[in-house]
Every structure is written in structure tokens, then in C-alpha cells.
Amino acid sequence: MRLSVHKYHWLLVLALSSGLRADGPWLVDITTDSGLDFHHETGGDGHLYLPETMGAGGCVLDFDGDGAMDIYLVQSGNFPWNPEIGPGNRLFRNLGTGTFSDVTEKTGTGDRRYGQGAVCGDIDGDGDDDILVNNFGPNTYLRNRGDGTFEDVSGRSGLDDPNWSTSAALLDADSDGDLDVYVVNYLQYSLATHRECRQGQGDVVLYCHPDLYPAAPDHLFANQGDGTFRDDSLAANLVDKSGKGLGVVATDIDGDGLVDLYVANDSTPNFLYHNLGHGRFEETGLFAGVSFNEDGRTEAGMGVDAGDIDGDQRFDLFVTNLSLESNTLYLQGAPNFFTDATRPSGLQNLSLPVLGFGTDLLDIDNDGDLDIVVANGDLHSNVQLFNDGLSWKQPGQIFLNDGRGRFSELPGADVGDFATPRVGRGTLTVDLDQDGRLDLVVSYNQDRARAFHNEGPDGAWIGFRLTDRAPNHSAIGARITAVAAGRSQTASVMAGSGYASSSDPRVHFGLGPASDSVDVEVTWPDGTAQRWKSLGSRAYYILRRGEAPNRGSEPSRLDPGQCAGE
């Protein structure tokens, strides 16, 4: 007898509450065997410069076009910044089996600026993935030459924003066909303005609160189509004088065919920039209900992601915040009207003792709904001295969705190695070995980055890499709907989310009960729709505008290097 989707969800929740798990821990640390050898350095010398504790993230890309997802990790290094010393950022090429080779030197990607995060995608529209690194100080734009090497074109491109940048997103803000860049900046902070902050009677030195520093404005850089970018923030009405930004996501939030922006700000109201068309935006966060929590308070927004949490085909928003604030889930009802659903969703108390940074909405158990992953870690190594209920190193968390937007936390023993307390920052969701179960790469502050292989429930799934015509080859901004066993799921192609990171550019759907046939509709960034019928599950497809889907052989656990669709 075939189970309905809702029966499947409740059986899964019942199994978890009974202490059962899927053949052991879900996330297994494979870092050493994978060859992903990266250790984040803050360069801290005891002065507690604020940028030290905020890094770092990274991005997922296919820089060589072989279909296997590569990993770029951002280094901070030495503070004050010295370009002559320090290990620099690292690019790891996926060998097709979920193992990696460090190709930093041969590709020319080892930027040594004081890094915070990165976004990857085909920024210049020439068909291969580029890298934009967000730094404390001028940003770095590494242009992919298409021959396995990159060139630093930061200065002449106009993307070398001199502020303290944290996150960025790629989007077609003005619907002209090419990709623009939205860069989130944090504080107006420098060595000259650095202050020493103390707690209580002055015995405990700690990093200063962002309230002590003015905000640094975010910027929209409009693509000129010739490899250069122009700051169009004012013309686009994206005037930011107060936001202390840390996270950003760009997608068509209200379903009107235009890409919007949502920015998570630290202790200032979050921004929802509604796209009005013709390259103009309107800030609607207060009226939409996503600037504050349900108590009317600002929160210390760190990471953010967007997706359909409750299965109503509308995109919802999830923001990670400071400890004792809880993370916040905003569910969208009518277009651009949200409700703070943190308490009824069951997420309120689960996140109070931890400080959330990186986050992703993903179907980690392939049951047909979006779960939540959060990497936690405090700002202060001595936090227990002024609050003995908090800790610097904190466990990562997985929250399982029951299909209707209610969550239960997966117990630490079932989570696996991701639950080991560390100082979490950026999270990258990526299927490392093409087996259809989404894995994680997590960057930790002053610690080794780690790769976690997903060995949880092995349900049915389907995945897509979209290919559009030039210059937006990767179809960033496209919306895709998959229908299997009478149930619809909707997602979009995004570049930039979580905290200071961007994840796997492919769109992945878990299918719940085993399904052999999936119908797919893609709405391309220009609004044109295209449909494919009866695609087989458990495979990745390349969907090209105007062509039939391209499917490779079925991925295998024994030969995970096969990338379906390539």
C-alpha cells in the first residue's frame, strides 16, 4: 500500500521520537578522507578586533565545467591585514568522487585579503563560474578565464567595494538579462575607531557590540555588459543608511516575476526590498512583517535563507539570530505579507541557548519538505564568564519539518559529527558525491573547515542544473516546480544565501515516498515557461531552454563520480 505524504511525515516523526534512526548518524565527518584541508585563521593577537570573530564563509561552484561541485573557502588571515603573509583563500577541485584536490596555486585563486565570505556564479556572462570575495576592505573579483585559471579584475571591474563586506547575492535587478551584484556591508570600523569593551566590573574584555559603530551602506552594482559594474544603489532606491548587514538572499519572494532582496541586519531592522520593475526597489520590510520579530523588536540577524517551508507554493524566510533571541521563521500568506511563526513552528525554544550563523533550507532527509540546518557558535571565547548558561563552541542543529511548517530537532546522537560543539560560521549545502543526499561543508572560526557526508534516509529525489541563453547562462532567478505523486514543490535558482556563502547551484527536490515519474515546469528569468513530463527520479538533469532534458546514468554509491546530465 502506498503511503500518503502526510502519513509518511508522521511515521518519520514517530520513528525519531522513538529513538530510531537511519542506520546510524546522519552526518559523518569525511574531512580527512575528502582532502578538504583548510584551517581558518583569525590572526587575533588579543586586541579583540571585531572582524576576527565574524569570519568566514565560502561558495560552491563548478569552475572547470565537469559537473562535479568544487569548493572555495575564504580565509581571514592576519589582522591588521598584511597581504605578504597568511595562507590565503583556497579552491578545492572535486575529483568526481567527493574527494578534492587543492588547485589554488595553479588556478590563481589564493587571494590574501582579510576575507569574510564569497558568492560564486557566472558574473560576466561568458559561460563559466566566477568568484566574488567579500573582505574587510576592498572586495576581490576573480574572473574565470575558462582555461582553468582566474584573473583578479577587482579594480577595473568596479566591484572592489572598500567597505567591510560580509555577504553578497547575484540577481538580475533590472531585468536586462545580465547579472548584477548586491553586496551587504556591516560596520564603519577601522583600527583607528577600534575600542576596548568590558563587561560587568570591567574584568572581562570582549568584542564590542555593533551599536558602538555606524552602519556601512550596502551597494547594488549594475552590470554594464562589458565586464564593468556601476554603483546603482541610489538610482535603484536601495539607499541604506542604517542597516548593519550580515546576510542576504535574492529571489522572487512574492511570485510577481521580479527578483526581490531580503537582508538580515545585526540589531537593526531587517530589509525587504520589493522589486518594482525597471531596476527600482521599495523597502517594505515593516509593512510585510519581516523587519522585527513578533514582539516588535530588532534581532541580531546573521544568516538568512528563503524557500517554501509549509508547502503552499509561497516563499518563506528564515533568519538566524543571537543567543537568547531565538532564530525567526516568517511564513508568507498573501503576497508580501508574513507572520512570525517561530513559536507555533516549534523553533522558539530550540535556538535560545545558541548563536546561529550559517543556515540553509534543504530537504536533508528527502521526504519532500524543507528542513533547516544551522551552524552555531558564539562571538566571545569567554562568554561563559558573563553568562554561565552560554558557551563559545556550540553544536550544529538540524530541524526536521513535518510537512506543514512544524519542526522537531534531530537529537545530537542522530545528527552525528555536525553536533560536535565548534564555532560555526558559513554553511555550504552541496551534493559532494552525486548520490542525491545533500551534504554539508561548514567553515568554523579559528578551526578546520569540515565536510559532512549525509548518510541519513535514502529517499527518492531529483535534481536540476538549469542552462539559459547568454548572458545569464545559469538561469539565476528562474523558478522551478516539480510535481510527483500529486504533490507540487517550488524552488528557485539562487546565488548567495545563509551567512557569507553560496551553496550548490543545482536545484534539489526530495520526493518523499518513492516516485518514478516527475513533471517539471521552469519559469525562466524572462517569464517564459517550459515543461518536461515524466522524468525519472534519482538523477540529476540539465534543463536547457528549448531542449529536451539531458540525463546521464544513475548515480551510484560505489561510483559517485558519475554526474547525471553530464
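Note: hydrogens, waters and symmetry copies are ignored here, and every other heavy atom, side chains too, is used. Keep in mind the model is a prediction, meaning the values are calculated, not measured.
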Within the structure provided, determine whether L428 and L73 are in side-chain contact (heavy-atom separation under 4.5 Å). yes
Point-to-point distance, once rounded to the nearest 0.5 Å, from CD of Q224 to CG of D226: 6.5 Å
Chi angles and distances behind the side-chain contact (heavy atoms from CB on, under 4.5 Å) call for Q446, V423: CA-CA 8 Å; Q446 193 62 27; V423 186; over 6 Å; no
For the residue pair F63 and Y72, is the inter-centroid distance of their aromatic rings smaller than 6.0 Å? no
Is the shortest side-chain heavy-atom distance between D124 and Y141 below 4.5 Å? yes
Under 3.5 Å, side chain of H194 to main-chain N/O of Y189, donor-acceptor pair present? no
Would you tell me whether D378 and H380 have side-chain atoms, one donor and one acceptor, within less than 3.5 Å of each other? no
Quick one: closest heavy-atom pair of S165 and V183, and the distance? OG-CG1, 3.4 Å
Considering all heavy atoms, the nearest N163-D161 contact: ND2-OD1, 2.7 Å
Does this structure show an ion pair linking R230 with D174, if we count only N-O contacts that are shorter than 4.0 Å? no
Quick one: does any side-chain atom of N401 pair with a main-chain N or O of L370 as donor and acceptor, under 3.5 Å? yes
Atom pair CD1/CG of I253 and L317 - distance to nearest 0.5 Å: 5.0 Å
Can you tell me if Q75 uses its side chain to pair, donor with acceptor, with the backbone of H39 under 3.5 Å? yes
Does CG belonging to L191 count more than 12 external heavy atoms closer than 6.0 Å? yes
Measuring from S326:OG to N349:CG, what's the distance to the nearest 0.5 Å? 8.5 Å
Work out which heavy atom in G356 is nearest to a heavy atom in T320; give both atom names and the distance. O-OG1, 3.2 Å
Pair D240, S233: side-chain N/O donor-acceptor within cut-off below 3.5 Å: no
Tell me yes or no: between the side chains of T427 and D360, is some donor less than 3.5 Å from an acceptor? yes
If we only count heavy atoms from C-beta on, is the R479 to Q313 side-chain gap below 4.5 Å? no
Short question: side chain of Y182, backbone of S167 - any donor-acceptor pair under 3.5 Å? no
Got a salt bridge between D160 and R113, using NZ or NE/NH1/NH2 to carboxylate O under 4.0 Å? no
Count the heavy atoms belonging to other residues, nucleotides or ligands that lie under 6.0 Å from CZ of F337, then report whether that count exceeds 12. no
Tell me if a side-chain donor or acceptor on Q332 pairs with a main-chain N or O of F315 at a distance below 3.5 Å. yes
Of all heavy-atom pairs linking V259 and T251, the shortest is CG1-N, 3.6 Å
Would you say the side chain of I71 lies within less than 4.5 Å of the side chain of F38, judging by non-hydrogen atoms? no
Keeping the roles fixed (side chain from E283, backbone from G285), state whether a donor-acceptor pair exists under 3.5 Å. yes
Can you name the closest pair of heavy atoms from A56 and S76 and give their distance? CB-OG, 4.3 Å
Keeping the roles fixed (side chain from N144, backbone from D129), state whether a donor-acceptor pair exists under 3.5 Å. yes
May I ask you to decide if the ring planes of F79 and Y114 are parallel, tilted or perpendicular, using 30° and 60° as cut-offs? perpendicular
So do L132 and L170 actually touch side chain to side chain, heavy atoms under 4.5 Å? no
Report yes or no: do S291 and N270 form a side-chain donor-acceptor pair below 3.5 Å? no
Atom CG in D504, atom CG in D62: separation rounded to 0.5 Å? 9.5 Å
Give me the ring orientation class for H47 and Y49: parallel if the planes are under 30° apart, tilted from 30 to 60°, perpendicular past 60°. parallel
Evaluate the side-chain contact (heavy atoms from CB on, under 4.5 Å) criterion for residues L440 and T429: first the C-alpha distance (whole Å), next the side-chain angles of each, then the deciding distance (0.1 Å), finally the verdict. CA-CA 5 Å; L440 293 177; T429 294; 3.8 Å; yes
Taking R425 for its side chain and T53 for its backbone only, find out whether a donor-acceptor pair lies under 3.5 Å. yes
Taking C-beta and beyond as the side chain, do F418 and R450 meet within less than 4.5 Å on heavy atoms? no
Check the pair H274, D254 against side-chain hydrogen bond (donor to acceptor under 3.5 Å, both in side chains), reporting the backbone distance first and the verdict last. CA-CA 8 Å; H274 176 230; D254 58 355; 2.9 Å; yes
Show your working on side-chain contact (heavy atoms from CB on, under 4.5 Å) between I372 and D305 and close with a plain yes or no. CA-CA 10 Å; I372 302 173; D305 205 357; over 6 Å; no
A cation-pi test, strictly: NZ or CZ of R422 under 6.0 Å from the centre of the six-membered ring of Y444 and no more than 45 degrees from its axis. Yes or no? yes
Indicate yes or no: at least one non-hydrogen side-chain atom of E325 is less than 4.5 angstrom from one of N293. no
To the nearest 0.5 Å, what is the distance between CG on L322 and OG on S267? 7.0 Å
Indicate whether the side chain of D172 and that of N472 have a donor and an acceptor atom separated by less than 3.5 Å. no
Identify which one of D130, D152, D128, D126 satisfies the salt bridge (Lys or Arg N to Asp or Glu O under 4.0 Å) criterion when paired with R143. D126
Which distance, rounded to the nearest 0.5 Å, do you find between the CG of D266 and the NE2 of H209? 6.5 Å
Any donor-acceptor pair under 3.5 Å linking the side chain of D180 with the backbone of N223? yes
If I compare all heavy atoms of N139 with all of V133, which pair ends up nearest, and what's the gap? CB-O, 3.2 Å
For atom CZ of F287, is the number of surrounding heavy atoms from other residues, nucleotides or ligands below 6.0 Å larger than 12? no
Residue pair R314 / F338, side-chain heavy-atom distance below 4.5 Å: no
Does the pair F407 and L350 meet the rule for a side-chain contact (heavy atoms from CB on, under 4.5 Å), with working shown? CA-CA 10 Å; F407 291 85; L350 299 176; 5.5 Å; no
Hey, is D295 close enough to R297 for a salt bridge, meaning N to O under 4.0 Å? no
Using modelled atom types only, decide if a donor and an acceptor are shared between the side chain of D260 and the backbone of Y262 within a distance under 3.5 Å. no
Would you say the side-chain atoms of S492 and D252 include a donor-acceptor pair closer than 3.5 Å? no
